[in-house]
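Every number for a ligand or one of its atoms is a count from 1 in the order of the listing. For reference, positions follow the sequence shown, starting with 1.
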Amino acid sequence: MNRPTVARVDLAALASNYARLSERLAREAPHQTPGVIAVVKANAYGHGAHQVAHALEDAGADLLACADIEEGAALRTAGVRADILVFGALGVSDLDGLFDCRLTPTISSPGAARAVQAAAARYKQRVRYHLKIDTGMNRLGFRFDNLRRTLPELLASSHLELDAVYTHFATADDPDSGLFELQRVRFEQAAEQLHTLGGRPRYRHASNSAALLRDSRVWFDRVRPGLLLYGVVPPPLASTLELTPVMTLGSRVVAVKGLRPDEMSGYGARFTAERPTTIAIVPAGYADGLDLRMAGRGTVLIRGRRAPIVGSVSMDMLTADVTGLDVSPGDEVVIVGPQGNDRIDAREVATSIGSIPWEILCRVGSRIERVYT
Ligand SMILES: *Cc1c(COP(=O)(O)O)cnc(C)c1O
């Protein structure tokens, strides 16, 4: 038995996006081509972490990144063999997963360093880690302007081995922000200071999707794309990379109803027909991750045409105005993706409701079956 609302995940598109990006890096930096850290956190942006991780491994990825130890452990359980970097702050209590699942932690505070050092000593293992420098995001990381005081103890930790140093940009997708440039300079200075203090990381990395599109000076030795791998360019940026959106979200019309003038539809009676109106009922609602704000703002594709979402998005369904289209139950509905000559992409959905494409993808609900092609 299958629900009609399905997210199709095109793993060939994912592999192609990975290849296009790798080719671009090699072409533009032939002498020092950065490697890729493929970001698969948050269930691979809603696409399914296991399938995406395996497909990326097959495409050549040797380092994946996830948000926390639990995500990394789930990848190992699924048989992923590539190195796995954990971006997030480490819980103080449950570091066992690092050792049991061979994960690479980010160390972003002196306290975390002590906790991992103590755990590694207990396990009689040396842990390779990535050092995170806070260059202005002011979230996780060692402050860039305090390294002389904070790094010596970390670098002297007997069971910790510095593998890489990195930072994260707060405004890479904002061409008007000067902070991006400031963070780049601070990171370069921090890397020098690390060297002065005796730290010898094998490599440096800093670029999320927006940063890598924007400025090759921040490619360093590896780049960390997430959104781009899924075929979406971070707004408002543009790219000549040939990317294909990996996820298509579709459904089918389950019922069609005629409204007479002045009749309403849905909770709150937010939509009133001004003329004889035909409404298609689509079994996808906020329990599937759709956003309430799509009502009155978004559209879906039915029979190759745009049908405005009207009334209210409810838990299990939405309604679209299909007046004038010859719509019947069973007709295919596209919520995100192409149909006919038209396409609704995650950027457009995000813009229509004041959100961002990352959120649109990540929120596709667990009730929705992922079908892999
Ligand atoms: C999520 C994340 C990325 C990837 O970001 P995109 O904008 O999706 O490319 C890179 N680095 C870190 C530290 C992240 O948390």
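The closest protein non-hydrogen atom to atom 11 (N) of ligand 1 is Arg224 NE, 2.8 Å. Distance from atom 9 (O) of ligand 1 to its nearest protein heavy atom, with residue and atom name: Ser209 OG, 2.5 Å. Taking atom 7 (O) of ligand 1 as the reference point, the nearest protein heavy-atom neighbour is Trp358 NE1, 3.1 Å. Counting only heavy atoms of the protein, atom 8 (O) of ligand 1 lies nearest to Tyr45 OH, 2.5 Å. The protein atom (non-hydrogen) at minimum distance from atom 15 (O) of ligand 1 is Lys41 NZ, 2.5 Å. Nearest protein heavy-atom contact of atom 12 (C) of ligand 1 is His168 CE1, 3.3 Å.
With hydrogens and angles disregarded, a donor-acceptor distance shorter than 3.5 Å links the side chain of Arg293 to the backbone of Ile353.
Inclusion of Val39 in the set of residues having an N or O under 3.5 Å from an N or O of ligand 1 is not warranted.
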Stepwise ring pair (Phe, Tyr, Trp, His ring centres under 6.0 Å) test for His47 and Tyr372: CA-CA 9 Å; His47 294 66; Tyr372 295 90; 9.1 Å; no
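When the side chains of ILVMFWY residues are joined at heavy-atom separations under 4.5 Å, either directly or via intervening members, Val333 and Val6 end up in two distinct hydrophobic clusters.
Cation-pi check for Arg204 over Phe187 is not met; the charged atom does not lie both under 6.0 angstrom from the ring centroid and within 45 degrees of its normal.
A side-chain contact (heavy atoms from CB on, under 4.5 Å) with Thr299 is found for exactly one of Ile344, Val334, Asp342, namely Ile344. Just one of Ile37, Ile133, Thr106 meets the side-chain contact (heavy atoms from CB on, under 4.5 Å) condition when paired with Tyr166; it is Thr106.
Within ligand 1, the atoms closer than 4.0 Å to a non-hydrogen atom of Leu227 are 6 (P), 8 (O), 9 (O), numbered from 1 in the order shown. Heavy-atom proximity to Pro225, at under 4.0 Å, picks out these atoms of ligand 1: 9 (O).
No hydrogens or angles considered: nothing links the side chains of Arg20 and Thr244 as a donor-acceptor pair under 3.5 Å.
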